[in-house]
There are 2 protein chains.
Amino acid sequence: MEQPFYLKDHLCFSIYACSRSISRMYQPLLNQLGLTYPQYLVLLVLWEKGECSVKQLGQMLDLDSGTLTPLLKRVESKGLILRNRSREDERKVTVRLTDQGSALQEKAQCIPDALLRSSGMLPEELQKLNQSMKLLNQHVSQYHKSIPQKE
Amino acid sequence: MEQPFYLKDHLCFSIYACSRSISRMYQPLLNQLGLTYPQYLVLLVLWEKGECSVKQLGQMLDLDSGTLTPLLKRVESKGLILRNRSREDERKVTVRLTDQGSALQEKAQCIPDALLRSSGMLPEELQKLNQSMKLLNQHVSQYHKSIPQKE
DNA sequence: CACAATTAAATTTTACACAATATTATTTGC
DNA sequence: GCAAATAATATTGTGTAAAATTTAATTGTG
């Protein structure tokens, strides 16, 4: 008695579609900063932490070096960050903001506002939704890691 | 008095990260079907509708032809769908399931179950979350479309 | 000290996303 | 009755994602 349910009933699709529509909604704003959405996320981390290794960025954003390395090179070529091998441990690459990269933070303040305004929801509702999504994400991630993929 | 809030407070990031972690959690299951996540979504639509134009698929999934055309060619090469120019209107390409593609539906039943089990939530909670995400998606999409990008 | 195991990045490959443009088919206006 | 507008796909180019492999540096153990 399996229920073959409709696309609209699949939570995974709602989340996937919503993620892409937020990114599209942000795009005209991000264009003015010369950033893509994942690049903006990297700067959010750096504005918060000041300086970071590629590894730490990957842990915060849940992205691997295969994604981050070329992305960081593009952000570096825009003059917003610097990438340097750590002197204590030559395996590590330290990423830090340039003055230009730091200065961009102020111009980026409008971006979270755009989500609030476009959402048609109250700040409390969005906060609650954020809590739910973080909880779901934790559960799904841990479940995934708890299953040995091969031996 | 701007509040420069943390990455963890950005709903956009929770949604973006959750979308990717669900897709990663699905992957071992999708591998057994020989599908990627977007390819699975295309099949969900076809299992529901039977047959579809590329245009209709794009409307259902919110994807454009630049994404769908190569994706559909890959699914066709696996023998799961057929792509044909419509005879009434030669501009349209009709996509329909092969027997093999139809047969895959049964083996895919376990995928929504995996989200339910991994989520640590009750079906009602997931349904509620789905409602919220669909509503947010609608608002964000319409807001985006209501802003003329250029003239 | 030696050297295997581990760790951090980078590289390679495949597959999306999506903007912009091109191509071809249909419809519409006059 | 045909030029112009519109519509549906396809193509191209840029930028992620993520698995798998490689390279280089560090650490643990005998």
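The chains referred to below are lettered A, B, ... by the order of the sequence lines, with proteins before strands, and numbering in each begins at 1.
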Taking for A/Arg24 and for A/Thr94 the nucleotide of DNA chain C with the nearest heavy atom, the one nearer the 5' end belongs to A/Thr94
I want to check one thing: is the phosphate of [N], taken as OP1 and OP2, less than 4.0 Å away from some side-chain N or O of [X]?
| X | N | value |
| --- | --- | --- |
| B/Arg83 | D/dA8 | no |
| B/Lys92 | D/dA8 | no |
| B/Tyr37 | C/dA15 | no |
| A/Thr36 | D/dG15 | no |
| B/Lys73 | D/dT11 | yes |

Using atom [atom1] of [X] as one end and atom [atom2] of [N] as the other, report the distance to the nearest whole Å.
| X | N | atom1 | atom2 | value |
| --- | --- | --- | --- | --- |
| B/Arg20 | D/dT16 | CZ | P | 12 Å |
| B/Leu57 | D/dA10 | CG | C1' | 16 Å |
| B/Leu61 | C/dC18 | CG | C1' | 15 Å |
| A/Lys55 | C/dT6 | NZ | P | 14 Å |
| B/Gln59 | D/dA7 | CD | P | 12 Å |
| B/Leu30 | D/dA19 | CG | P | 13 Å |
| A/Ile22 | D/dT16 | CD1 | P | 18 Å |

What pair of heavy atoms forms the shortest contact from [X] to [Y], and how long is it?
| X | Y | result |
| --- | --- | --- |
| A/Met121 | A/Leu116 | O-CD1, 3.8 Å |
| B/Ile111 | B/Tyr26 | O-CE2, 3.4 Å |
| A/Ser21 | B/Asn137 | OG-OD1, 2.7 Å |
| B/Val93 | B/Arg83 | CG1-CB, 4.1 Å |
| A/Gly120 | B/His139 | CA-ND1, 3.9 Å |

Show me the side-chain donor-acceptor pairs of residues 60-70 of chain B shorter than 3.5 Å, one per line, residues at least two apart or across chains.
| unit_1 | atom_1 | unit_2 | atom_2 | d |
| --- | --- | --- | --- | --- |
| B/Asp62 | OD1 | A/Arg24 | NH2 | 3.4 |
| B/Asp62 | OD2 | A/Arg24 | NH2 | 2.4 |
| B/Asp64 | OD1 | B/Gly66 | N | 3.1 |
| B/Asp64 | OD1 | B/Thr67 | N | 3.1 |
| B/Asp64 | OD1 | B/Thr67 | OG1 | 3.4 |
| B/Thr69 | OG1 | B/Ser65 | O | 3.0 |

Is any side-chain heavy atom of A/Thr94 closer than 4.5 Å to a side-chain heavy atom of A/Leu82?
no
Quick check: do A/Ile22 and B/Leu11 have side-chain heavy atoms less than 4.5 Å from each other?
no
Can you figure out which of D/dA10, C/dA19, D/dG15 approaches the side chain of A/Gln27 most closely?
C/dA19
Between B/Leu136 and B/Ile15, is the side chain to side chain contact (heavy atoms under 4.5 Å, CB included) condition met? List the steps.
CA-CA 11 Å; B/Leu136 178 58; B/Ile15 294 171; 3.9 Å; yes
Which of residues 62-72 of chain A sit near DNA chain C, with a heavy atom under 4.0 Å from it?
A/Ser65, A/Gly66, A/Thr69
In numerical order, the residues of residues 38-54 of chain B whose heavy atoms come under 4.0 Å of DNA chain C are B/Pro38, B/Gln39
Which residue pairs pass the side chain to side chain donor-acceptor pair (under 3.5 Å) test with at least one member in residues 114-136 of chain B, sequence neighbours excluded?
A/Ser14-B/Asn130
Hey, what are the protein-to-nucleotides 25-27 of chain C N/O distances that come in under 3.5 Å?
| unit_1 | atom_1 | unit_2 | atom_2 | d |
| --- | --- | --- | --- | --- |
| C/dT26 | OP1 | B/Glu90 | N | 2.9 |

Name the atoms and distances for all side-chain donor-acceptor pairs under 3.5 Å in residues 33-52 of chain A, with sequence neighbours left out.
| unit_1 | atom_1 | unit_2 | atom_2 | d |
| --- | --- | --- | --- | --- |
| A/Thr36 | OG1 | A/Gln39 | N | 3.4 |
| A/Tyr37 | OH | B/Cys12 | O | 3.4 |
| A/Gln39 | OE1 | A/Thr36 | N | 3.2 |
| A/Gln39 | OE1 | A/Lys78 | NZ | 3.4 |
| A/Trp47 | NE1 | A/Gly101 | O | 3.0 |
| A/Glu48 | OE1 | B/Leu7 | N | 2.9 |

If you draw a 6.0 Å radius around CG in A/Asn84, do more than 12 non-hydrogen atoms from other residues or ligands fall strictly inside?
yes
